[in-house]
*Asks:* 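Below is one structure. I have some questions about it.
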2 protein chains.
Amino acid sequence: MSSTSSKSIYGDAEVRRRRTLDAAISLLDEGGYSALTIRAVAKRAGTSTGLIYQYFVDKQDIFAALLSESQLEMADFVNSLPREQGLSALLESMISEFARHWARVGRLTTTWRDIEGMAGSDRESMRELHASVAVFNSALVRALTESAAAEGNRLIDDPALVHVVLSGLKGLSDTIVINVAKEITPEHFVNFSARALARSITQ
Amino acid sequence: MSSTSSKSIYGDAEVRRRRTLDAAISLLDEGGYSALTIRAVAKRAGTSTGLIYQYFVDKQDIFAALLSESQLEMADFVNSLPREQGLSALLESMISEFARHWARVGRLTTTWRDIEGMAGSDRESMRELHASVAVFNSALVRALTESAAAEGNRLIDDPALVHVVLSGLKGLSDTIVINVAKEITPEHFVNFSARALARSITQ
DNA sequence: ACCTGAACACCGTTCAAGT
DNA sequence: ACCTGAACACCGTTCAAGT
């Protein structure tokens, strides 16, 4: 969104922003949430702690950027999914992929509420995040509708339906990541919950 | 669980532990998660920061205690619910109550994973938490089975079913608390998702 | 003009010192 | 024997000082 391609003798600002986000992602993957400190991000990105605050208003702002990216990747994934296999098959693929993303960024979403409640709702990064959520949601609805149609089914017509599916994906991903259901295989769990979710929104 | 009723000239240890937890709860309700600091808890509970660490091994330990209590309250609530109204009505009540609890302790559960992964799994408080989860889960299964039976229905027989319902409750509660679905009323959302959840586990 | 990193105000946790 | 709170090692964030 930011069209300020400010290159200088110090380097490209856009590149540094990118490097900062990449550093955050790799720290998250390697050491989990607790390894994600501003100092560590700065060191890995090759900048200073102070400079990070020129590209991001605060730590939450970095989270928002990571969440936006994750959301858009998910939208791409959903768009690329085949619809001929029907609703359950579609949901099965989606649950697996959503859980993968959740393992990385799930912890970050917890802090949404903190900013959302405050005056910070009109931040650039928040508008961007909401936009990416909207992109994902519409991709989701389209995929669900088309997959249901492919097997001669229809989704229940209700404005709450999207939110129920999103809630389901979130809850199921959390369960998968936490690995609380130790007595059953992940494959079985994903398959069963995909069919359950499909049942819940059709007919 | 702790049978050490160690009273002394300094007062009852059990009472102080209780007061510490109550202080944590009130801070959580008044100022949210960010207000929940050890110093604030100590001050409100009328003890010192150092003393808190005699009753709880660390901050997470306080969370675990609060979560256990919340879980047992939920179990009581589920047990008290009428079954004659059928599955959807039961789930509707449960979703509302679960969301209420989630508003308070949802944020605390995020840190489960951190301890769960570490060696701390054999802590007293963790065993207690798992026990309270088991109590809630069996109350849940009983209520679901009986409510389904009351309307002449049967639950799908699968070990994954409980986890799907729990995932659903968690995801739906989160959605309700975050209040992301602004265009629909909470009542409608709870009603619709209860029926969706009922459909997903019957027949 | 841009960048750095010491400094500030916190945090969870510990432990010498008090009673 | 029990309790306190200063001290320690962090954290996110800022801003005087450097280039």
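Letters go in sequence order (proteins before strands), and every chain restarts at 1.
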*Asks:* Quick one: are A:F136 and A:L72 in side-chain contact, heavy atoms under 4.5 Å?
*Replies:*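 Side chain of A:F136 against side chain of A:L72, heavy atoms only: no contact under 4.5 Å found.
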
*Asks:* Before accepting this row, confirm whether a basic side-chain N of the pair A:R100/A:E73 lies closer than 4.0 Å to the acidic partner's carboxylate O.
*Replies:*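 Judged by the 4.0 Å cut-off on N to carboxylate O distance, A:R100 and A:E73 do not form a salt bridge.
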
*Asks:* Please state how far atom CG in B:L51 lies from atom P in D:dT4, giving the value in whole angstrom units.
*Replies:*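 Computing the B:L51:CG to D:dT4:P distance gives 6 Å.
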
*Asks:* Taking atom CZ as the centre, does A:R83 end up with more than 12 heavy-atom neighbours from other residues, nucleotides or ligands that are less than 6.0 angstrom away?
*Replies:*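 Yes, because the 6.0 Å sphere around CZ of A:R83 holds more than 12 heavy atoms from other groups.
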
*Asks:* Each nucleotide N or O in nucleotides 8-12 of chain C that has a protein N or O under 3.5 Å away: list the pair and distance.
*Replies:*
residue, atom, partner, partner atom, Å
C:dG12, OP1, B:K59, NZ, 2.4
C:dG12, OP2, B:I38, N, 3.0
C:dG12, N7, B:R39, NH1, 2.8
C:dG12, O6, B:R39, NH2, 2.9

*Asks:* Would you say that B:W102 contacts B:K170 through its side chain, given a criterion of any heavy-atom pair below 4.5 Å between the two side chains?
*Replies:*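 Result yes, sub-4.5 Å side-chain heavy-atom pair found.
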
*Asks:* Is A:R107 close enough and on-axis enough to A:Y33, meaning under 6.0 Å and within 45°, for cation-pi?
*Replies:*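 Yes, A:R107 sits over the ring of A:Y33.
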
*Asks:* Determine which bases of DNA chain D form Watson-Crick or G-U wobble pairs with both distances under 3.5 Å, and write the result as a 5' to 3' dot-bracket string with | for other-strand partners.
*Replies:* ||.|||||...|||||.||

*Asks:* Could you check whether A:S125 and A:D61, counting side-chain N and O atoms only, form a donor-acceptor pair closer than 3.5 Å?
*Replies:*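 Yes, because at least one side-chain N or O of A:D61 sits under 3.5 Å from a partner of the opposite role on A:S125.
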
*Asks:* Polar-atom pairs under 3.5 Å, protein N or O versus N or O of nucleotides 16-19 of chain C: list them with distances, or write none.
*Replies:*
none

*Asks:* Could you tell me if B:T175 and A:H163 have a donor-acceptor pair between their side chains, going purely by distance under 3.5 Å?
*Replies:*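 B:T175 and A:H163 do not have a side-chain donor-acceptor pair below 3.5 Å.
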
*Asks:* Atom CZ of B:F56 to atom P of C:dT14: distance rounded to whole Å?
*Replies:*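 In whole Å, C:dT14 P lies 15 Å from B:F56 CZ.
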
*Asks:* For the backbone of B:L66 and the side chain of B:S70, can you confirm whether one donor and one acceptor N or O come within less than 3.5 Å of each other?
*Replies:*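 The answer is no, because no donor-acceptor pair under 3.5 Å joins these two groups.
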
*Asks:* Could you tell me how far apart A:I52 (CD1) and D:dT14 (C1') are, to the nearest whole angstrom?
*Replies:*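 Nearest whole value for this atom pair: 14 Å.
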
*Asks:* For D:dC3 and B:R16 - does any side-chain N or O of the residue sit under 4.0 Å from the phosphate oxygens OP1/OP2?
*Replies:*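 Checking D:dC3 against B:R16, a side-chain N or O does come within under 4.0 Å of OP1 or OP2.
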
*Asks:* Inspect the surroundings of CZ in A:R19 and state if more than 12 heavy atoms from other residues, nucleotides or ligands are less than 6.0 Å away.
*Replies:*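 12 or below, so no.
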
*Asks:* CZ of B:R154: more than 12 outside heavy atoms within 6.0 angstrom?
*Replies:*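 At most 12 heavy atoms, drawn from other residues, nucleotides or ligands, come within 6.0 Å of this atom.
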
